[in-house]
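Below is one structure, written out as structure tokens, with a few remarks after it.
Computed from heavy atoms alone, side chains included, the values below leave out hydrogens, waters and symmetry copies. So you know, we letter chains A, B, ... as the sequences are listed, proteins then strands, and number each from 1.
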Amino acid sequence: MEVVEDRFRPREVDSDDRDAMEAMQLEVADAAAFEDATEVTPESIRSGESTVAGVDQAFPGGRAVSAAVVLRGGEVIERTSAVRSQPMPYVPGLLAFREGPPVIAALESLEVEPDLLIFDGSGRIHYREAGIATHAGVCFDTPSIGVAKSLLCGRPRGPTDELPAGETVSIEADDSMSAPEGTVVGHAYQSRQFPESKRINPLYVSPGHRLSAATAVACLSACGGEYKLPRPVRLADQYADELKSEV
DNA sequence: GCGACAG
DNA sequence: ATCTTGTCGC
């Protein structure tokens, strides 16, 4: 696939360009659509009408490896990867500049044009509403979803402990975010739960681009997977681990 | 100054 | 995310 908004392409930069990176994120958020503007639906995903790509990273040694796995109707139809040296160090809120370069490169090398991108990390649940899912989604102008295993910012509207499988709790903007306080920026989503044992933390799902928070959750459940992570992301995770050993 | 902090 | 073996439990 191809980057259509090159001005937003995350560059390998020094961590001292913080102001420039934050300024770009505000522009990315401004260009993003946090409502449904796509043909992708849970039904189109299940039927195989839409293709879905899961993306994840690994950091063997000092390098960054990104893996992308594309599925159609539950079947893997393509896999790609990319490696980058000297990734910027991790800074909360600036993840897109650390992981973005290899992520964009891996997606650019895909033959297939995915209809939906799913990332390991936040989308709109971000200080400036521009997590990596939003940033990459806007670069390709492709519908995207952020799936995080922990909460970067924002505040759950209710308890997220002991949520039954399939249940959701809204995440609203807090005063650390550029979004008006109280704006629903995503959902805690209990993708899996076990009968009586130790409780599992929910996933924190947020719109990346061209999808609403509610549709994002519905699309994730349509992606399937017997584990906590949606299958496309789980497969990308495993592929990244596999590549880590080879590199 | 203190606490929070995707991967 | 990464450094890392075995181990407790369903």
Practice item. Report which part of the nucleic acid A:G61 touches: base, sugar-phosphate, or nothing (heavy-atom distance under 4.0 Å, all strands). Key: nothing
Check your understanding: Less than 6.0 Å separating the ring centroids of A:F34 and A:H209?
Key -> no
Review point. With respect to the phosphate group of B:dA6, does any side-chain polar atom (N or O) of A:K149 fall under 4.0 Å of OP1 or OP2?
Key: no
Review point. Roughly how many Å is it from CG in A:D56 to P in B:dA6, rounded to a whole number?
Key: 15 Å
Check your understanding: What does A:Y90 touch in the nucleic acid at a heavy-atom separation under 4.0 angstrom: a base, only the sugar-phosphate, or nothing?
Key -> base
Point to revise | Distance under 6.0 Å and angle within 45° of ring axis: A:R98 vs A:F59 | key: yes
Revision key, fill the gap. Rounded to whole Å, the CG-C1' distance (A:D237 to B:dG7) equals 11 Å
Check your understanding: Is there a side-chain contact (heavy atoms from CB on, under 4.5 Å) between A:S144 and A:I118 once you walk through the steps?
Key -> CA-CA 6 Å; A:S144 63; A:I118 305 181; over 6 Å; no
Review point. Nearest to the side chain of A:L95 - C:dT2, B:dG7, B:dC5?
Key: B:dG7
Practice item. Specify the separation, in whole Å, of atom NZ of A:K228 and atom P of B:dA6. Key: 13 Å
Review point. Tell me: CZ of A:R155 to P of B:dC5, nearest whole Å?
Key: 14 Å
Review point. Does a salt bridge link A:R9 with A:E108, judged by any charged N lying under 4.0 Å from a carboxylate O?
Key: yes
Check your understanding: What stems, by residue range, does DNA chain B take part in, given at least 3 consecutive Watson-Crick or G-U pairs under 3.5 Å?
Key -> none
Check your understanding: Of the nucleotides B:dA6, C:dT2, B:dC5, which one has an atom closest to the side chain of A:Y127?
Key -> B:dC5
**Study point:** C:dA1 OP1/OP2 closer than 4.0 Å to side-chain N/O of A:K244
**Key:** no
Exercise for review: Would you check if the side chain of A:K149 reaches a backbone N or O of A:G121 as a donor-acceptor pair within less than 3.5 Å?
Suggested key: no
Review point. With a cut-off of 6.0 Å (strictly less than), are more than 12 heavy atoms of other residues, nucleotides or ligands near CD of A:E246?
Key: yes
Point to revise | Euclidean distance, atom CZ of residue A:F59 to atom P of B:dA6 [Å, nearest integer] | key: 14 Å
Check your understanding: With sugar-phosphate meaning primed atoms plus P, OP1 and OP2, does A:I125 contact a base, only sugar-phosphate, or nothing at under 4.0 Å between heavy atoms?
Key -> nothing
Review point. Separation of A:L243 atom CG from C:dT2 atom P, in whole Å?
Key: 12 Å
Practice item. Run the salt-bridge test on A:E27 and A:R128 with the 4.0 Å N-O cut-off and return the result as yes or no. Key: no
Revision key, fill the gap. Taken to the nearest whole Å, CG/A:L152 to P/B:dA6 is 6 Å
**Study point:** Atom-pair distance (CG on A:D241; P on C:dC3), nearest Å
**Key:** 10 Å
Check your understanding: Which part of the nucleic acid, if any, lies within reach of A:S150 when heavy atoms closer than 4.0 Å are counted: base, sugar-phosphate only, or nothing?
Key -> sugar-phosphate
